[in-house]
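Below is one structure, written out as structure tokens, with a few remarks after it.
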Amino acid sequence: MTTIDDTPADSALSSLRRARDRFLSGRPPGDGVPEDLAEAWRRARFFGVPRDLVAPPRVRPPEDSPLLAAARPALDRVAPTLSGEMGLVLVDARCRALWSGGGRYTGTSADVAGLDLSEKAVGHNSSALALRTGRRAEVHGPEHFLDLWQEVSAVSVPLYEPTAGRPAGTVTVVAPLGEGRTAHPGAAVAEATAHAVETELLGRARPPERVLLDAYLRQRADGAAVVALDGSSRLVSPEAARLLSHETLARLERHATALLRDADAGPDGAPSGTPEEIGVPDGAGLTVRMTRLVHGGEVIGAVATVCPATRRAGAAERPGHDRLPGLVGTSPPWRVAVSRATELARAAEPLLLIGEPGVGKTALARALLGRRGTAAPRLVDAAEQVAGEVPRWCRALAEGDGGAPPLLLRHAERLGQSDVAALLSLLEERPAVPLVATHTPGAPTGPCLSRLLDILSARSVTLPPLRERVEDIPALLAGLALRPSPGRPPLTWSLDARRALEQHTWPGNVTELAHVVREVAEHRRATGPVRREELPYGLRVPPATRRLSGMERAERTAILEALRRHGDNKVRAAESLGIGRATLYRKLRAYGMDQA
């Protein structure tokens with residue numbers, strides 16, 4: 001369950017109200033409206049949703065909902081604890097409201113069972129958005145299409161089916177709109193309730209599905225890229241999803257179906273037989289080992305593990321094929337990305353390196369260009385908007401200057417219109433040009449830039465974020481540490497500190513880790529290995545000293561995220577969570593975080 005960014009404050013809400021009024025009067029909403037929100041409003045208009053709808057329409061509610069049966073105990077526990085007018089709603093995968101509790105809120109009746117909350121019926125809302133995106137969603141006041149919900153703020157957390165890996169519904173918390181609020185006050189409650197419901201769904205899973213899920217989780221615990229298949233559904237770990245294409249996953253599913261049909265059963269609850277190795281074309285040096293899974297004397301599924309292939313005999317004749325100078329990391333995701341980039345860089349053609357900020361795109365680009373042994377590349381950073389650099393380079397190559405150095409283009413998503421036009425013209429005339437570009441997804445792109453990125457994506461590599469290669473952190477710590485001054489020992493890290501670093505999500509990736517290393521090195525006065533207590537607050541919070549319930553874990557996570565987002569400022573963190581400062585301090589003590 002993923003948390004979205006902070007929601008707009010009062011000035012932003014006022015601007016959205018004006019934009020919504022413009023849209024509903026037939027005028028463009030304006031540049032300040034996020035494109036995904038404007039698109040949601042346009043869908044509602046296309047579906048013919050009346051803005052002045054008195055109440056959501058009704059559809060036939062399910063007579064026997066497994067989701068409601070599993071969720072009811074958790075909902076009954078949480079609803080009485082809600083304060084004021086805050087309400088709790090359970091929505092299924094078809095956007096039908098199944099249950100509600102807590103306080104009354106604008107726009108619903110006491111009996112919500114069967115209310116249709118789909119976009120086709122009521123327009124933009126948090127439940128429909130969470131089901132579509134598969135992550136936590138907040139929709140506030142004027143972001144709704146209906147007049148009915150202009151004073152309502154809602155947060156929805158998707159509930160995932162334990163074996164199918166798709167949303168089964170949402171837990172939604174609604175409250176009156178607060179003009180100055182920067183986050184929904186019920187977000188932590190929604191997260192905790194969803195966790196409790198998912199735990200109950202897991203416990204009610206059919207035995208074969210549970211056996212398949214347990215086998216999948218065992219392999220995941222070892223850090224492997226895993227796919228579990230039973231012929232009708234599949235579980236794909238994030239590592240495997242990044243390494244394998246949709247075509248390869250479909251191929252594995254067909255192979256697993258044949259394997260299950262032809263295999264003899266073995267011992268219950270464990271993989272049976274010798275794993276079968278399957279080569280895949282998605283990345284350099286990858287194989288998949290597929291093993292049958294047996295339950296009740298029958299083959300019920302297969303577990304496939306993605307791993308580096310055995311080196312070919314010729315690989316030993318090419319030293320450094322997987323290693324480039326200046327790069328650190330031996331984890332499978334990193335090795336696969338570097339290996340594929342190295343293969344593509346053998347030809348002097350455009351190469352696009354994609355990844356989150358700070359993953360090491362520029363470092364890899366420099367290493368690849370240095371490996372070619374050509375002239376030093378011309379570095380252009382589109383974020384610095386150096387006018388004319390790209391067109392001059394393009395002109396030199398177009399005029400036949402074979403000695404022109406390769407171009408290392410950083411932040412392709414920030415290219416100006418003239419630069420994009422020059423590159424498109426050059427690529428049309430000379431498709432094979434010595435260009436390595438880096439791209440950080442996320443920013444909106446115009447049609448010309450989208451066309452350029454589409455052309456470059458034919459030869460592209462996506463670099464894994466640091467949270468997917470935490471086993472590289474010890475080596476990165478050694479590589480990022482500055483050379484110690486004479487007489488001082490090199491910087492070392494205690495096991496507890498390394499564990500804290502491996503548990504962090506690293507939104508800034510390797511760049512953020514480098515900043516932490518520098519900060520610790522500059523400010524520490526102690527000797528010996530760096531201890532957890534010397535790390536920045538967001539990293540040094542120790543694990544819980546007691547076993548926490550699902551709701552407590554979610555609340556603790558929400559507090560940590562608020563503290564990290566607001567630079568350890570407890571006053572601002574409490575405001576963002578919608579609680580008082582004294583309450584925050586009390587919860588910090590209760591969870592053992594007050595001494596961090």
Side-chain angles (χ1 to χ4, degrees), residues 223 319-339 341-342 353 355-371 376-377 379 381 383 408 410-411 438 440 463-543 560 563-564 567-568 595-596:
H321 174 74
D322 292 322
R323 300 291 296 274
L324 291 174
L327 300 183
V328 176
T330 58
S331 63
W334 179 250
R335 288 182 57 193
V336 168
V338 172
S339 181
T342 303
L353 302 179
E356 297 177 5
V359 294
K361 300 186 291 293
T362 301
L364 176 56
R366 289 183 184 276
L368 293 171
L369 291 172
R371 186 186 180 89
L379 174 64
D381 191 338
L408 171 49
R410 299 186 66 211
H411 300 115
T438 70
T440 303
L463 274 62
L466 184 55
R467 62 182 173 274
E468 294 180 7
R469 47 180 292 229
V470 293
E471 56 266 50
D472 289 336
I473 286 180
L476 287 168
L477 290 174
L480 293 171
L482 299 175
R483 179 175 298 179
S485 56
R488 291 183 62 87
L491 197 64
T492 59
W493 304 78
S494 69
L495 180 62
D496 194 35
R498 288 207 309 269
R499 186 177 295 114
L501 295 174
E502 291 170 359
Q503 292 171 345
H504 187 49
T505 56
W506 296 111
N509 294 292
V510 179
T511 300
E512 182 184 357
L513 178 62
H515 176 75
V516 170
V517 172
R518 286 196 302 270
E519 182 179 350
V520 169
E522 290 172 1
H523 294 92
R524 77 182 312 244
R525 297 293 179 264
T527 58
V530 176
R531 301 185 303 277
R532 181 189 287 260
E533 293 75 20
E534 298 178 74
L535 299 175
Y537 184 90
L539 296 172
R540 68 176 182 261
V541 174
L560 285 175
L563 288 168
R564 184 197 65 77
D568 302 337
Q595 299 302 319

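From a predicted model like this one, the values you see are computed outputs, not experimental measurements.
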Any idea which heavy atoms bring [X] and [Y] closest together, and the distance?
| X | Y | result |
| --- | --- | --- |
| A481 | L491 | CB-CB, 4.4 Å |
| T511 | G358 | OG1-CA, 3.1 Å |
| V328 | W334 | O-NE1, 3.4 Å |
| L408 | A365 | CD1-CB, 3.4 Å |
| L369 | P377 | CD1-CB, 3.6 Å |
| A341 | L353 | CB-CD2, 4.4 Å |

Under the side-chain contact (heavy atoms from CB on, under 4.5 Å) criterion, do L476 and R469 qualify, and how do the steps go? CA-CA 11 Å; L476 287 168; R469 47 180 292 229; 4.1 Å; yes
What distance separates [X] [atom1] from [Y] [atom2], expressed to the nearest 0.5 Å?
| X | Y | atom1 | atom2 | result |
| --- | --- | --- | --- | --- |
| R335 | T342 | CZ | OG1 | 11.5 Å |
| R467 | I473 | CZ | CD1 | 12.0 Å |
| L466 | E502 | CG | CD | 10.0 Å |
| E468 | E356 | CD | CD | 7.5 Å |

Checking [X] side chain against [Y] main chain: does a donor-acceptor pair fall under 3.5 Å?
| X | Y | result |
| --- | --- | --- |
| E534 | R531 | yes |
| D472 | S331 | yes |
| K361 | L463 | no |
| W493 | A478 | no |
| R498 | P474 | no |
| S494 | V530 | yes |

Under the side-chain contact (heavy atoms from CB on, under 4.5 Å) rule, what do L477 and L513 come out as? Steps first, then yes or no, please. CA-CA 8 Å; L477 290 174; L513 178 62; 3.8 Å; yes
Residues L379, R366; criterion side-chain contact (heavy atoms from CB on, under 4.5 Å); working and verdict: CA-CA 10 Å; L379 174 64; R366 289 183 184 276; 3.3 Å; yes
Do P332 and E471 make a side-chain contact, defined as non-hydrogen atoms from C-beta onward lying under 4.5 Å apart? yes
